[in-house]
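Comments concern the structure below.
Just so it is clear: chains get the letters A, B, ... in the order the sequence lines come, proteins before strands, and each one is counted from 1. Given the structure is predicted, the values throughout are model-derived calculations rather than measurements.
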Amino acid sequence: MSTSSAIASAEEWPRTAAEALAVQDRLRPTVDTVGPGPQPGEVRRVAGLDVAYAEDSDELAAAVVVLDAHTHAVLEHSVVHGVATFPYVPGLFAFREVPALLAALERLDAAPDLLLCDGQGLAHPRRFGLACHLGVLTGLPAIGVGKTQFVGTYEPLGPARGEAADLVDEGEVVGRALRTRDAVKPVFVSIGHGVDLDTACAHVLALTPRYRLPETTRQADQLCRRALKSHPAARS
DNA sequence: GCGACAG
DNA sequence: ATCTTGTCGC
């Protein structure tokens, strides 16, 4: 992704919760919730994104791992070290991770065809979670895959891989609880940008051949935590 | 009013 | 998010 960080610098990054809320309100209308977006089989470069944090400092490492959508082989990856500049606040989570993740994306040789984010998309109090934020700022199709539920309720789902139930919040379907492995807790899939929910779930299942989480997410998770350990906190 | 709350 | 080894089970 050789092009512009112009999008990110086009506006000042918020420092307060009030400013962050304003940014979400302004960007929310720009989310493409229709899609349908690229189907599995129509994409080649699928990216997994994740961030790891140090326990005794504000150091962090953001990673992006691009996999071949079919073989799941690693095509490319990038890691960026940084500092957490925004506190963790449920609902404003993206403001903590997006800067570092965008920097990591900029370091790639070529833009991914799809983004799998470690967190929610529309399944968010104001319908603008991390996956929506990353999708809108990059213009790339994005999917949110949360390990835990954030908003909404859902009916019990069957025990087999592939079983799913809509996540409903305030009367609207904001995502889906999707079982990716038999008898294992479901993951929470939601639209990030430019992909519809069915397509998003199809991608998640296609990228989850063995474990509970998509290979993209697992690879990115491992990469950023290894990077955080091996690369000592260079502080004074 | 109280608690819960993506990572 | 992070602290954390082995272990029981498919």
* Asked: If two hydrophobic side chains count as joined below 4.5 Å and joins carry through other members, does A/Leu105 share a cluster with A/Val66?
  ->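 A/Leu105 and A/Val66: one cluster.
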
* Asked: Among the clusters formed by ILVMFWY side chains lying less than 4.5 Å apart, do A/Val145 and A/Leu223 turn up in the same one?
  ->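 Unlinked, A/Val145 and A/Leu223 end up in two clusters.
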
Residue pairs involving [range] (criterion side chain to side chain donor-acceptor pair (under 3.5 Å); sequence neighbours excluded):
range	result
residues 203-214 of chain A	none
residues 147-159 of chain A	A/Asp118-A/Lys147
residues 174-191 of chain A	A/Asp166-A/Arg176, A/Arg176-A/Asp198

Indicate, with a heavy-atom threshold strictly under 4.0 Å, whether [X] touches base, sugar-phosphate, or nothing.
X	value
A/Gly91	base
A/Leu92	base
A/Gly146	sugar-phosphate
A/Leu130	base

* DNA chain B-proximal residues of residues 170-186 of chain A, any heavy atom under 4.0 Å ->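 Contacts with DNA chain B under 4.0 Å: none.
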
* Does the side chain of A/Arg127 come within less than 4.5 Å of A/Glu172's, by heavy atoms? ->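 Of all side-chain heavy-atom pairs linking A/Arg127 with A/Glu172, at least one is under 4.5 Å.
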
* To do: Provide the full list of ring pair (Phe, Tyr, Trp, His ring centres under 6.0 Å) pairs with a residue in residues 109-130 of chain A, sequence neighbours left out, each pair given once.
  =>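 Applying ring pair (Phe, Tyr, Trp, His ring centres under 6.0 Å) to every pair that reaches into residues 109-130 of chain A, excluding sequence neighbours, yields A/Phe128-A/His133.
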
* Pairs satisfying ring pair (Phe, Tyr, Trp, His ring centres under 6.0 Å), at least one member in residues 46-74 of chain A, at least two apart ->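 Passing the test, one end in residues 46-74 of chain A: no pairs.
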
* To do: Identify the residue among A/Ile143, A/Thr138, A/Val64, A/Leu101 that makes a side chain to side chain contact (heavy atoms under 4.5 Å, CB included) with A/Leu115.
  =>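 Of A/Ile143, A/Thr138, A/Val64, A/Leu101, side chain to side chain contact (heavy atoms under 4.5 Å, CB included) with A/Leu115 is met by A/Thr138 alone.
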
Under 3.5 Å between N/O atoms: give me all the protein pairs with nucleotides 1-8 of chain C, atom names plus distance.
{"residue": "C/dA1", "atom": "OP2", "partner": "A/Lys147", "partner atom": "NZ", "Å": "3.0"}
{"residue": "C/dT2", "atom": "OP2", "partner": "A/Arg225", "partner atom": "NH2", "Å": "3.2"}
{"residue": "C/dC3", "atom": "OP1", "partner": "A/Glu55", "partner atom": "OE2", "Å": "3.4"}

* **Residues in salt bridge (Lys or Arg N to Asp or Glu O under 4.0 Å) contact with A/Asp113, at least two apart in sequence or another chain** =>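 For A/Asp113 there are no salt bridge (Lys or Arg N to Asp or Glu O under 4.0 Å) partners, ignoring immediate neighbours.
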
* To do: With sequence neighbours excluded, tell me which residues meet salt bridge (Lys or Arg N to Asp or Glu O under 4.0 Å) with A/Arg15.
  =>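 In terms of salt bridge (Lys or Arg N to Asp or Glu O under 4.0 Å), with neighbours along the sequence ignored, A/Arg15 is linked to no residue.
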
* **Pairwise distance CZ(A/Arg126) to CG(A/Asp25) - rounded to 0.5 angstrom** =>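 One gets 7.5 Å once the value is rounded to the nearest 0.5 Å.
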
* Asked: How close do A/Val46 and A/Leu116 get, heavy atom to heavy atom, and via which atoms?
  ->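 Residues A/Val46 and A/Leu116, closest heavy atoms: CG1-CD1, 3.6 Å.
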
* First and last nucleotide of DNA chain B touching chain A, 5' to 3', heavy-atom cut-off 4.0 Å? ->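 Endpoints of the contacted stretch of DNA chain B: B/dC5 to B/dG7.
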
* Spell out, as yes or no, whether a donor-acceptor pair under 3.5 Å connects the side chain of A/Arg226 to the backbone of A/Gln222. =>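 Pair found, side chain donor or acceptor close to backbone of A/Gln222.
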
* So what is the 5' to 3' dot-bracket string for DNA chain B, if pairs are Watson-Crick or G-U wobble with both distances under 3.5 Å, crossing pairs use [ ] and | means the partner sits on another strand? -> .......

* Structure fact -> DNA chain C in dot-bracket form (Watson-Crick or G-U pairs under 3.5 Å, [ ] crossing, | inter-strand) is ..........

* What's the verdict on salt bridge (charged side-chain N to carboxylate O under 4.0 Å, His left out) for A/Arg225 and A/Asp50, showing C-alpha distance, side-chain angles and the deciding distance? -> CA-CA 9 Å; A/Arg225 43 196 342 176; A/Asp50 194 21; over 6 Å; no

